[in-house]
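Everything on this sheet refers to the single structure shown next.
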Amino acid sequence: MSLSRPAPAKINLGLHVLRKRSDGYHDVETVYHRIGWQDTVSVEAADGLSMTCSDPDLPTGDDNLCLQAARRLAAAFDVDRGAAIHLEKTLPVGAGLGGGSSDAAATLRLLTERWGLEADDDTLMNLAAQIGSDVPFFLWDEPAAYATGRGEALESICTADGTPFRLDATIVLAVPPVGMATPEAYAMVVPDDVDRPALKPLVASGDLGRWRSELVNDFTEPIADRYPAVDAARNVLHQQGADYVSLSGSGSAVYGLFTSPRQAQAARQTADREGYRTWLGTA
Ligand code: C5P
């Protein structure tokens with residue numbers, strides 16, 4: 001019998017690249033927010049570990065994060081059984097939406113169940129952080145998390161009444177045909193940890209007017225300067241009346257937040273016509 005689960009994407013609400021670290025990573029702070037666009041991962045019992053994917057262009061070798069997740073989990077719990085993993089790939093690759101990381105987190109959850117492991121949350125979070133900086137977020141239960149360190153140290157983010165923060169705008173994504181490699185994107189940013197606005201309360205305010213003037217993803221300007229298609233995607237969403245526009249992660253996906261669902265629909269249609277891969281939905 002096959003087990004399956006969704007692997008949703010994330011967007012970043014603000015992203016400060018604070019400083020370069022001696023281990024080659026950067027200290028960052030950001031808020032991750034899950035959205036309703038997703039891949040689906042399924043696993044079946046099998047002799048060895050293997051993987052297939054609906055997208056023939058996606059490598060399914062040892063570098064694939066699903067297989068890395070499976071290997072790390074098997075090693076941590078001395079598992080000698082295998083699994084056949086299948087990935088139904090919907091999310092764009094190299095877009096800053098965390099698709100590969102989310103697939104890895106879904107694989108950890110599925111194989112924990114399939115192999116009947118007694119894995120506590122801390123152990124899974126540690127394994128997740130070894131796979132990639134944003135993998136732990138995809139094991140997080142709440143819709144959003146404030147992240148520090150290299151993006152793996154997570155805290156709840158709550159509104160003034162103490163409930164978990166959740167975006168209530170309509171989201172339109174415009175994904176330019178540019179695949180971004182994260183290390184190269186980091187090389188384009190000058191780290192800055194002086195006088196940054198306090199990100200967590202700024203995001204928790206949910207005030208899109210404040211976000212417009214204060215909430216910054218440090219990758220947005222350098223990536224838009226370097227890639228005209230990213231800049232153009234940003235302009236389309238602005239011109240179509242988005243209340244807030246930003247790059248997600250290190251790109252190349254650009255998102256617009258709309259308080260008017262009707263305007264969001266119109267913006268999506270325009271972005272479609274201009275040749276972007278698009279998605280419209282809520283968080
Ligand atoms: O953690 P992850 O595997 O996603 O990181 C990929 C690459 O992105 C790292 O090897 C590093 O070059 C860069 N990175 C960084 N600082 C971070 C996260 C990633 O410099 N906080």
Side-chain angles (χ1 to χ4, degrees), residues 9-35 58-59 63-65 68-69 91-105 125-138 140 144-155 173-200 202-203 211 214-234 244-255:
K10 57 84 179 161
I11 56 174
N12 294 78
L13 305 175
L15 199 173
H16 295 161
V17 179
L18 298 172
R19 62 193 79 83
K20 182 146 191 184
R21 309 177 357 167
S22 55
D23 62 3
Y25 286 90
H26 293 76
D27 281 324
V28 297
E29 63 171 344
T30 187
V31 171
Y32 298 114
H33 203 303
R34 235 188 338 262
I35 62 171
L58 194 84
D63 284 350
N64 190 289
L65 294 183
Q68 284 191 33
L91 298 170
V93 175
L97 299 173
S101 299
S102 187
D103 298 339
M125 282 289 194
N126 276 329
L127 286 174
Q130 290 166 29
I131 300 164
S133 304
D134 55 6
V135 180
F137 171 65
F138 294 103
W140 190 253
Y146 172 71
T148 55
R150 57 184 170 88
E152 88 293 10
L154 305 177
E155 294 171 27
L173 276 168
V175 187
V178 175
M180 204 67 70
T182 312
E184 283 158 33
Y186 270 98
M188 290 182 217
V189 176
V190 179
D192 179 6
D193 59 2
V194 180
D195 291 337
R196 307 305 305 259
L199 195 63
K200 195 176 180 182
L202 175 57
V203 172
W211 288 15
E214 295 175 55
L215 187 64
V216 171
N217 175 343
D218 289 346
F219 288 102
T220 303
E221 293 304 328
I223 299 288
D225 279 353
R226 170 85 173 69
Y227 297 97
V230 172
D231 191 36
R234 181 166 70 148
Y244 179 73
V245 177
S246 175
L247 198 70
S248 182
S250 56
S252 62
V254 178
Y255 66 84

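Along the sequence shown, residues carry numbers from 1. When reading the values below, keep in mind they use all heavy atoms of this one structure, side chains included, and skip hydrogens, waters and symmetry mates.
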Applying side-chain contact (heavy atoms from CB on, under 4.5 Å) to Asp103 and Asn64, what does each step give before you reach the verdict? CA-CA 10 Å; Asp103 298 339; Asn64 190 289; 6.0 Å; no

Examine distances only and state if a side-chain atom of Lys10 and a backbone atom of Gly96 form a donor-acceptor pair shorter than 3.5 Å. yes

Which heavy atom of Val28 sits nearest to which heavy atom of Gly151, and what is that distance? CG2-N, 3.8 Å

If I compare all heavy atoms of Ser133 with all of Tyr25, which pair ends up nearest, and what's the gap? OG-CE2, 3.7 Å

Side chain to side chain donor-acceptor pair (under 3.5 Å) contacts in which one or both residues fall within residues 244-254, not counting sequence neighbours: none

Leu15 and Val31: side-chain contact (heavy atoms from CB on, under 4.5 Å), yes or no, with the steps? CA-CA 7 Å; Leu15 199 173; Val31 171; over 6 Å; no

Testing the basics here: between Leu97 and Pro92, what is the closest heavy-atom pair and its distance to 0.1 Å? CD1-CG, 3.8 Å

Residue Gln130 excluded, over 12 heavy atoms near CD under 6.0 Å: yes

Take Glu155 and Lys200 through the test salt bridge (charged side-chain N to carboxylate O under 4.0 Å, His left out) and record every step on the way to the result. CA-CA 10 Å; Glu155 294 171 27; Lys200 195 176 180 182; 2.8 Å; yes

At their closest point, which heavy atom of Trp140 faces which heavy atom of Ala145, and how far apart are they? NE1-CB, 3.4 Å

Donor-acceptor list for residues 226-233 side chains, cut-off 3.5 Å, not counting sequence neighbours:
unit_1 : atom_1 : unit_2 : atom_2 : d
Asp231 : OD1    : Arg234 : NH2    : 3.0

Nearest 0.5 Å, what's the CG-CD1 distance between Leu247 and Ile11? 11.5 Å

Any heavy-atom pair between the side chains of Ile131 and Ser101 that's under 4.5 Å? no

Can you tell me how far apart CD (Gln68) and CG (Leu127) are? Round to the nearest 0.5 Å. 12.0 Å

What's the separation between atom CG in Leu215 and atom CG in Leu13, rounded to the nearest 0.5 Å? 6.5 Å

Once you round to the nearest 0.5 Å, how far does CG of Leu18 lie from OG1 of Thr148? 9.5 Å

Does the side-chain contact (heavy atoms from CB on, under 4.5 Å) test come out yes or no for Leu58 and Val93, once each step is laid out? CA-CA 9 Å; Leu58 194 84; Val93 175; 3.5 Å; yes

Backbone N/O of Gly99 and side chain of Ser102: donor-acceptor pair under 3.5 Å: no

Heavy-atom side-chain proximity of Val216 to Glu221 below 4.5 angstrom: no

What is the minimum heavy-atom distance between His33 and Ala144, and which atoms define it? CD2-CB, 3.7 Å

For Ala174 versus Pro176, what's the shortest heavy-atom pair and its separation? O-CD, 3.4 Å

Got a donor-acceptor contact below 3.5 angstrom from the Asn12 side chain to the Gly14 backbone? no

Please list, chain by chain and in numerical order, all residues satisfying ring-ring contact (aromatic ring centres under 6.0 Å, His included) with His26, sequence neighbours excluded. Tyr186

How long is the span from the CG atom in Asp27 to the NE2 atom in His16, to the nearest 0.5 Å? 14.0 Å

State which residues pass salt bridge (Lys or Arg N to Asp or Glu O under 4.0 Å) with Asp218; sequence neighbours excluded, sorted by chain then number. Arg196

Quick one: are Ile35 and Leu173 in side-chain contact, heavy atoms under 4.5 Å? yes

Using ring-ring contact (aromatic ring centres under 6.0 Å, His included) as the criterion, list what pairs up with Tyr32, not counting sequence neighbours. Phe137

Please name all residues satisfying ring-ring contact (aromatic ring centres under 6.0 Å, His included) with Tyr255, sequence neighbours left out, ordered by chain then number. none

Roughly how far, to the nearest 0.5 Å, is the CE atom of Met188 from the CD atom of Glu184? 6.5 Å

Can you find a heavy atom in the side chain of Val203 that is under 4.5 Å from one in the side chain of Trp211? yes

